[in-house]
Amino acid sequence: MKKINIFITCALAGLSLALTGCSDEFLDKKPTGNYTAETFYSSDAAVRKGTEPLYNRAWFDFNRRAIVGMGSYRANDAWNPYVSAEFAKFQVTALTQDMGLAWSALYNVVTMSNATLYNLSQYCSDAVTETTKNAAMGECYLMRGWAYFYLLRGWGANILFEDNQTVIDNPIRPLNPESDVLKFIVRDFRKAAELLPEKGTDNHPSKYAAKAALAKALLAQSGWNNTSKGDHDRDASMLAEVIQLCDEVINCGEYSLMENYEDLFKAQNNDNSETILAMRWADPNTGEWGAMNALYSDLAFPEVTDVNVWGGSLHASVDMIDIYNADPADSIRRDATFFTPNEYYSYIKAADGGYTYAHNWMQCKKGVLGTKADVAPCNLAQMASPLNTYIQRLADVYLMKAEAILGNNDATSDGEALAAINAVRQRAQVAPYTSITFDDILRERRIEFCMEYFNWWDMATYYRWKPQTMLDFFNNQQHRAWEIREGSIMKNADGTISYRAVFPGTNNWYLFDENGYCLWNDCLRAGENDNTVVQKLTQSEFEALRNKLLSEKGADYQPITLSETNVFMPYPESDVIQNHYLKETPQPYDFGE
């Protein structure tokens, strides 16, 4: 096992990392002396340190950039024509760099989890308590399960393994079918729930983090079928277990919804009461490249910060603006997700009295923290945000419970389902539902988790349950690749957002009718630089006129069309070249049962 020992020694080199959480001691102390796997696990404190690279370094190349394109652009949360646009356009190829980096990073989580599990089983000294050892092993199963859950929803069939040495000895391995990957994930989460403690320690998770993950995996498994071309029912017994698990998590006393939605995305509130599991990054001042949250410079724009950034082109999609317009009272979540015209943010550039967004645009707000002073006592630097990356938070558990109770029904007025989904809506200060459908669940998820890199993963799960419904949603209800430029948005007195979008596939023109009037989402205006309203339009009239203009002027326009060929991503070219199995039919995994 010496090769594995070398691997884990490399992982242990990351133990000097400092935490993003500002006030606690997670990852803040560097072990002294020279360690090997055989000598490191000598105390409970050392064992806890031994799992901490699983929260940052292992995930780095997934989080560095790909997570935005994969989790949010593909969901059509936002649009950026300059960074990772191939994800939004569903033009990812086997040579797409960020896709390949994400694939490798997720397998890095798997191999680091496997290596740590082996070392815990072999090298813990007598001074290590059984409780601490079990908790550390539970963390490894939890993180490995999440890595495979992302791999499943991103690529479908994947390569399962639990012993790194077997892969070192024989790296050319077959794919395993999606059903087996999901079975493996569920098994890992069950093991984690058995091993993790009732209460977490020093920001390490408790068993309820595993139960929340298990609920999500079972919810996926209840309807997952990669051979069905039509919508089908979910498994009722699995849905019942999901409801039970959600109740356990909600009622365990460890978590609660944050009172203020916007506070979820401030670095000072890392590890808040709503956090179930998160990637927890190194302090930007350590300069630990490979263990820091490198997203900041892609998200922020110079006007709102005092560190070097190059973002700004990332803005709300037409699709999301339409969703916000359907309920303009849902402004708390909208304004916390995207900067909105004339909105005041007291905690951005606070030393200058706050920041009022003075643009007719909707640039990304989530993940944009402001200046160095705004994040104090945390630190901020170029490509180094102190902000945790959520993997799961409590709002997801409430919405899973509502979804599981809805089950295979068209609608439900069940009191427990309504209480769950309305807990999330109450925090957003919007009217409660009196009945819910699948469309309501999908809409609520899209608003609650927009630009948190969650939404596509749920959509991929829904696609394996409701392929016909989701393809209709992707291709006929979402409006993809419509770019909105600065100066092309206005906030109306009723809180709705008027916008005009650049014609897809072009660089420099808007849609005009035969009289030269400019098409906005709610009216025809006199011209590009004249906001005089010529005719008000209903939503259906707007859609009809837009489709007419597309058919007349868009002969060369090729809409983004989703199908089985591109909902899941291709395997990286370099891996395909080295492993012929990636082009062949998956083989069953040996679970040893």
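Every value quoted in this text rests on a predicted model; they were computed, and no experiment measured them.
- Because its NZ or CZ atom is not both nearer than 6.0 Å to the ring centre of W456 and within 45° of the ring axis, R153 does not count as a cation-pi partner of that residue.
- Taking 4.0 Å as the cut-off between side-chain N and carboxylate O, K191 and D188 do not count as a salt-bridged pair.
- A salt bridge links E241 to R190: one of the charged nitrogens lies within less than 4.0 Å of a carboxylate oxygen.
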Give the C-alpha distance, both sets of side-chain angles, the deciding distance and a yes or no for ring pair (Phe, Tyr, Trp, His ring centres under 6.0 Å) between F454 and F449.
CA-CA 6 Å; F454 290 174; F449 301 118; 5.1 Å; yes

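- Other residues, nucleotides and ligands contribute only 12 or fewer heavy atoms inside 6.0 Å of the CD atom of Q426.
- Between D396 and R445, at least one side-chain N (NZ, or NE/NH1/NH2) sits under 4.0 Å from a carboxylate O, which counts as a salt bridge.
- Electrostatic pairing of E254 and K199 does not count as a salt bridge here, judged by no charged N lying under 4.0 Å from a carboxylate O.
- A salt bridge links R65 to D298: one of the charged nitrogens lies within less than 4.0 Å of a carboxylate oxygen.
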R427 and E259: salt bridge (charged side-chain N to carboxylate O under 4.0 Å, His left out), yes or no, with the steps?
CA-CA 6 Å; R427 192 251 302 275; E259 183 177 348; over 6 Å; no

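- Taking both residues in full, the closest heavy atoms of A217 and F149 are given as CA-CZ, 3.9 Å, listed atom of the first, atom of the second, then distance.
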Between S273 and M258, is a side-chain contact (heavy atoms from CB on, under 4.5 Å) present by the stated rule, with each step listed?
CA-CA 6 Å; S273 65; M258 290 280 284; 3.9 Å; yes

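- At a threshold of 4.5 Å between non-hydrogen side-chain atoms, the residues W281 and W59 count as touching.
- Rounded to the nearest 0.5 angstrom, D163 CG and T111 OG1 are separated by 12.0 Å.
- In this structure, NZ in K372 is found 7.5 Å from CG in L380, a value given to the nearest 0.5 Å.
- The shortest heavy-atom contact between L182 and A220 is CD2-C, 4.1 Å.
- Put simply, the side chain of D44 never gets that close to the backbone of T132: no donor and acceptor are under 3.5 Å apart.
- The existence of a salt bridge linking E139 and R48 is excluded, since no basic side-chain nitrogen approaches an acidic carboxylate oxygen closer than 4.0 Å.
- The shortest distance between side-chain heavy atoms of F265 and V368 does not fall below 4.5 Å.
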Please evaluate residues Y150 and F62 with respect to the criterion ring pair (Phe, Tyr, Trp, His ring centres under 6.0 Å), reporting the C-alpha separation (whole Å), side-chain torsions for both, the decisive distance (0.1 Å), and the verdict.
CA-CA 10 Å; Y150 283 115; F62 178 57; 5.0 Å; yes

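- Using a 4.5 Å heavy-atom cutoff, the side chains of N308 and S297 are not in contact.
- The pair R333-E262 fails the salt-bridge criterion, with no side-chain N (NZ, NE, NH1 or NH2) lying under 4.0 Å from an Asp/Glu carboxylate O.
- Annotation: the span from Y118 atom OH to N164 atom CG amounts to 11.0 Å, rounded to 0.5 Å.
- Taken to the nearest 0.5 Å, the CG atom of L394 stands 10.0 Å off from the OG1 atom of T275.
- The minimum heavy-atom distance linking Y345 with D335 is given by the pair OH-O, 2.8 Å.
- A salt bridge links E162 with R187; the closest basic N to acidic carboxylate O contact falls under 4.0 Å.
- A417 and A402 make their closest contact through O-CB, 3.6 Å (heavy atoms, listed as atom of the first residue, atom of the second, distance).
- Side-chain contact check for L151 versus V181: every heavy-atom pair is 4.5 Å or farther apart.
- If you take CG on L218 and CD1 on I243, they are separated by 12.0 Å, rounding to the nearest 0.5 Å.
- Because its NZ or CZ atom is both nearer than 6.0 Å to the ring centre of Y347 and within 45° of the ring axis, K266 counts as a cation-pi partner of that residue.
- In this structure a side-chain-to-backbone donor-acceptor pair under 3.5 Å is present from S125 to S42.
- Under the 3.5 Å distance criterion, the side-chain polar atoms of S43 are matched with a main-chain donor or acceptor of A46.
- Between R280 and D271 there is a salt bridge, since a side-chain N of the basic residue sits under 4.0 Å from a carboxylate O of the acidic one.
- At least one side-chain heavy atom of V304 sits under 4.5 Å from a side-chain heavy atom of F339.
- Ring-centre distance between W465 and W224: not below the 6.0 Å cut-off.
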With side-chain contact (heavy atoms from CB on, under 4.5 Å) as the criterion, how do Q382 and V309 come out once you've worked through the C-alpha distance, each side chain's angles and the decisive distance to 0.1 Å?
CA-CA 7 Å; Q382 176 181 321; V309 296; over 6 Å; no

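- Counting heavy atoms from C-beta on, the side chains of S179 and F184 never come closer than 4.5 Å.
- Within the cation-pi definition used here (under 6.0 Å to the ring centroid, within 45° of the axis), K183 qualifies as a partner of F591.
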Test Y462 against E403 for side-chain hydrogen bond (donor to acceptor under 3.5 Å, both in side chains), laying out the working first.
CA-CA 11 Å; Y462 294 149; E403 182 181 327; 2.7 Å; yes

For I421 and E444, what are the C-alpha separation, side-chain angles and deciding distance, and is it a side-chain contact (heavy atoms from CB on, under 4.5 Å)?
CA-CA 8 Å; I421 194 170; E444 202 64 32; 4.1 Å; yes

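- Side-chain N or O atoms of E178 include none that pairs as donor or acceptor with a backbone N or O of G156 at under 3.5 Å.
- Within the 3.5 Å criterion, the main-chain N or O of L117 finds no donor-acceptor partner in the side chain of N119.
- R425 forms a cation-pi arrangement with Y433, by the criterion of a distance under 6.0 Å to the ring centre and an angle within 45° of the ring axis.
- Atoms CG and CZ, from L239 and R234 in turn, are 6.0 Å apart once rounded to the nearest 0.5 Å.
- Of all non-hydrogen atoms in S113 and M143, the two that sit nearest each other are OG-CB, 4.0 Å.
- Taking the side chain as every heavy atom from C-beta outward, Y390 and I276 never approach each other to under 4.5 Å.
- Looking only at atom types and distance, the side chain of N293 has a donor-acceptor partner in the side chain of N63 under 3.5 Å away.
- Salt-bridge formation is detected for the pair K401/E416: a Lys NZ or Arg NE/NH1/NH2 atom is positioned less than 4.0 Å from an Asp or Glu carboxylate oxygen.
- By the 4.5 Å heavy-atom criterion applied to side chains, M279 and N56 are not counted as neighbours.
- A side-chain donor-acceptor contact under 3.5 Å links T461 to the backbone of W457.
- Using a distance-only test at 3.5 Å, with no hydrogens or angles considered, a donor-acceptor pair links the side chain of D374 to the main chain of K349.
- A282 and E288 get closest at one heavy-atom pair: CB-CB, 4.3 Å.
- Residue-environment remark: CD (Q429) stays at or below the threshold of 12 foreign heavy atoms within 6.0 Å.
- Without hydrogens or angle criteria, S222 side chain to M238 main chain gives no donor-acceptor distance under 3.5 Å.
- Checked for salt-bridge contact, R443 and E448 miss the test: no charged N lies under 4.0 Å from a carboxylate O.
- Judged by distance alone, with hydrogens and angles left aside, the side-chain atoms of Y107 form a donor-acceptor pair with the main-chain N or O of I159 at under 3.5 Å.
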side-chain contact (heavy atoms from CB on, under 4.5 Å) between K133 and T129: does it pass, once the steps are laid out?
CA-CA 6 Å; K133 178 181 174 181; T129 63; over 6 Å; no

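- Side chain of S72 to main chain of Y453: a donor-acceptor pair is present (N/O by atom type, distance under 3.5 Å, no hydrogens or angles).
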